[in-house]
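Remember, predicted model here, so these are calculated numbers, not experimental data. Starting from 1, each residue takes its place in the sequence as its number.
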Amino acid sequence: MADRLHYQRIFGDPMDWVRRRLGHASQLSTLIYLHALQELEMETRMALVPDTWEDPRDTPASSLGDEKPPRDLPGEKETTR
């Protein structure tokens, strides 16, 4: 909390900055818009995740690291120093 107050003294309250730019009299109105933006952001992120995506947290640790790269992947050139 002390860090936030220090930040506000130096830079001002970001919420108040947004409120004034949007022309709102109340921060409550601004919070409603910010909440809607957070929901839209999550919907957008979820729309970008393909239906075939597999959650890597479901992969057993024993099978990690044993995958081979695709055959058509160009080989990495070795660099010498």
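Annotation: salt bridge (charged side-chain N to carboxylate O under 4.0 Å, His left out) contacts involving residues 40-51, sequence neighbours excluded, comprise E41-R45. Within the structure, ring pair (Phe, Tyr, Trp, His ring centres under 6.0 Å) pairs that include any residue of residues 16-62 comprise H24-Y33 (at least two apart or interchain).
L34 and L28 fall into different hydrophobic clusters, where Ile, Leu, Val, Met, Phe, Trp and Tyr are joined by side-chain heavy atoms under 4.5 Å apart, directly or via other members. Hydrophobic clustering, with ILVMFWY side chains joined whenever heavy atoms are under 4.5 angstrom apart, groups L37 together with M15.
With sequence neighbours left out, the salt bridge (charged side-chain N to carboxylate O under 4.0 Å, His left out) criterion links E39 to no other residue. I32 pairs by the side chain to side chain contact (heavy atoms under 4.5 Å, CB included) definition with nothing, not counting sequence neighbours. Residues satisfying the side chain to side chain contact (heavy atoms under 4.5 Å, CB included) test with T52, not counting sequence neighbours, are P50. In this structure D58 satisfies the side chain to side chain contact (heavy atoms under 4.5 Å, CB included) test together with D55, sequence neighbours excluded.
For the pair Q27/D13, a side-chain contact is recorded, criterion being any heavy-atom separation below 4.5 Å from C-beta on.
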